[in-house]
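Below you'll find the structure, written out as structure tokens, and then a few comments.
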Amino acid sequence: MSQRKPIEEQIAILMQGVELGDEKLKEAMQAELKEKLIQSAKTGEPIRVYCGYDPTSPDLHLGHTVTMRKLKQFQDLGHQAIFVIGTFTALVGDPSDKDKARPRLSHDQVMENAKTYTDQAFKILDNEKTEVRYNHEWLSDLSMEQIIEMASLFTVQQFLVRDNFSKRFEKGDPIWLHEFFYGVLQGYDATMLKADVQLGGTEQLFNLLAGRKLQEAMGLRPQVALTTPVLVGTDGHMRMAKSTGNYIGIDETPEEMYGKVMSLPDSAMMNYFRLVTRFSPDEIAEIELGLGESKLHPRDVKMRLAREIVAIYQGDEAVEPAEAAFRRVFQEHEDPEEIPEYSISSAGTIVDVMVDSGLVSSRSEARRLIKQNGVRLDGDLLDDANMALDIKQPAILKVGKRRFLRLMPE
RNA sequence: GGGCGGUUACCCAAGUGGCCAAAGGGGGCUGACUGUAAAUCAGCUGGCGUUGCCUUCGGCGGUUCGAAUCCGUCACCGCCCA
């Protein structure tokens, strides 16, 4: 058995970045974590720490990685990381971060999405050391009797106090009965996994605490709940989520990833440095100071961030080409190296080509873009939407700043 | 089961007979500028054969010269009562 780091050092690492919204709660959780670590050191039994992810879409994005990286820290310290795929809870739909009920998914959709989750997760976690569990394994076997038993531990008021429910309640928007079960079911996960620690975003606190309650009711030691701050999406304000379309997927191409990071508002940069990079707190503090005193150029800092994020998920070797592509297209306004080709079948107008190739979704949009000086052919501005496109040699059609097509004569 | 209120474009939301392809906001797109796809400013954001025409305001059917707006009906949602 490997030698573990001293307890205090472990705590320093594990509590870093943890935000529980309430200092008292944080102190309590830290104290409980310490106890568990001491216990673990004595018995040699690793701490069991888990985080659940509902497979509501096929791809994981940077928002998911905040807790995954925390999970990895536990793993690196020799503890047992459990990656739970919410194959059952995804069917219910977590109301935590929603002002509305989530659309419910079918079991098949969920299983399909779950397939890609583990592959992507192992870009961060060590797959040899990770326990992967699917929560339908135990949740779908629950009896009505057990469900009622668990439900009797919670009051409707406790749910209604939650911000998202109270807002909807006041607005007269529907709050569905099944949404109340989400927290209860997630809490049951904790009991089945015999979890010592559960991780989640700050919006998950209620659900993590539900786990504690259920564990206690079943005579288990309650888990430590550790929550991490929310990662904002590419819009710079809203929480990163697939449904709002403001996400950076961890499986995206290096160019796409680099570009999306560069499109972040400056104000969101530090949030990213803290939550999704490998920089140390000291390095991050230095960057923040440099920006504050205008010693560092925000653009250069953001490029550093983009390089780091691409490096984590796509490897160091992907960084240079991605950055070169970005500089080329957006700083030097050159055409990218790789442009999809499209062969023009017959003589049509420029609008025909834009629509047929799928560059735009309607002829009106194509005309609009031309009118707004957004369309160029081999660098020349096009101003006549009805111009027939007659090409003898390959030519590059550019729409806006980032849509390119290499037109090939037939 | 009864009463009342609601359903508008990608999302939120105004509009209660013609001036409505429909205010405003969000999001998205384009341009200028630049430090990048940041910030700021400006424009665009149903479709098409684009000085005009066509299709939209939950569905269907009416009234009217004319309906997102009025009536009937069906569906769905919320609230109150049971």
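Fair warning: this is a prediction, and the values are worked out from it, not measured in the lab. First the proteins, then the strands, lettered A, B, ... as listed; each starts at 1.
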Rounded off to whole Å, could you give me the NZ-to-C1' distance for the A:K371 and B:A42 pair? 16 Å
Of the options B:G47, B:C29, B:U36, whose atoms approach the side-chain atoms of A:R368 most closely? B:G47
So if I take every side-chain heavy atom of A:S362 and compare against B:G43, B:G49, B:C48, which nucleotide ends up nearest? B:C48
Considering every strand and a 4.0 Å limit on heavy-atom distances, what is the contact class for A:P298: base, sugar-phosphate, or nothing? base
Distance check, C1' atoms only: B:G31 and B:C19, in whole angstrom units. 32 Å
Taking A:E256 first and then A:R402, would you say they form a salt bridge - that is, a charged N and a carboxylate O separated by under 4.0 Å? yes
Cation-pi check for A:Y50 against A:K194: NZ or CZ below 6.0 Å from the six-membered ring centre and within 45 degrees of the axis, yes or no? no
Looking only at atom P, what distance separates B:G61 and B:U56, rounded to whole Å? 11 Å
Report the distance from atom CD1 of A:I309 to atom C1' of B:U36, rounded to the nearest whole Å. 15 Å
Take atom C1' in B:G46 and the same atom in B:C41, then report the distance between them in whole Å. 28 Å
Same-atom distance (P) from B:A13 to B:G58, integer angstrom: 14 Å
Take the protein atom CG of A:N386 and the nucleotide atom P of B:C48, then report the distance between them rounded to whole Å. 13 Å
Just checking A:R402: base, sugar-phosphate only, or nothing, at a heavy-atom cut-off of under 4.0 Å? base
Closer than 4.0 angstrom, basic N to acidic O: yes or no for A:K371 and A:D383? no
Between A:R299 and B:U36, is there a contact of a side-chain N or O with OP1 or OP2 at under 4.0 Å? yes
Rounding to an integer number of Å, can you tell me how far A:K401 NZ sits from B:G31 C1'? 8 Å
Using Watson-Crick geometry (N1-N3 plus N6-O4 or O6-N4) or G-U wobble (N1-O2, O6-N3), each under 3.5 Å, B:C76 is paired with B:G6
Looking at the side chain of A:S364, which of B:U36, B:C48, B:A38 is the nearest nucleotide? B:C48
Expressed as a whole number of Å, how far does the C1' atom of B:A39 sit from that of B:G47? 35 Å
Main-chain N/O of A:E252 paired to A:Q314 side chain as donor or acceptor, under 3.5 Å: yes
Paired with B:A68 by Watson-Crick or G-U wobble geometry, both distances under 3.5 Å: which nucleotide is it? none
Counting side-chain heavy atoms from CB outward, which of B:U30, B:U36, B:A39 is closest to A:F326? B:U36
Axial cation check for A:F330 ring with A:K401, 6.0 Å and 45° limits: no
With a 3.5 Å limit on both atom pairs, tell me what B:A22 is paired to, counting Watson-Crick and G-U wobble, or say none. none
Any Lys/Arg nitrogen of A:R327 or A:E334 sitting under 4.0 Å from an Asp/Glu carboxylate oxygen of the other? no
Please state how far atom CE in A:M262 lies from atom C1' in B:U34, giving the value in whole angstrom units. 13 Å
Would you say A:R363 reaches B:G49's phosphate, i.e. side-chain N/O to OP1/OP2 under 4.0 Å? yes
When all nucleic acid strands are considered with a 4.0 Å heavy-atom cut-off, which category describes A:R367: base, sugar-phosphate, or nothing? base
Does A:Q372 make a side-chain N or O approach to OP1 or OP2 of B:G31 shorter than 4.0 Å? no
Remember a base hit wins even if backbone is also touched, and classify A:N373 as base, sugar-phosphate or nothing at under 4.0 Å, heavy atoms. sugar-phosphate
Provide the distance between the two P atoms, one in B:C10 and one in B:G43, to the nearest whole Å. 23 Å
Identify whether any heavy atom of A:G259 sits under 4.0 Å from a base atom; if not, whether one sits that close to sugar-phosphate; answer base, sugar-phosphate or nothing. base
Answer for the Watson-Crick or wobble partner of B:U30, both distances under 3.5 Å, is B:A42
P spacing across the pair B:G26 / B:A75, given as an integer number of angstrom: 39 Å
Please determine if A:D352 and A:R363 form a salt bridge, counting it only when a charged side-chain N lies under 4.0 Å from a carboxylate O. yes
Could you tell me how far B:C80 sits from B:U73 if I compare only their C1' atoms? Round to whole Å. 25 Å
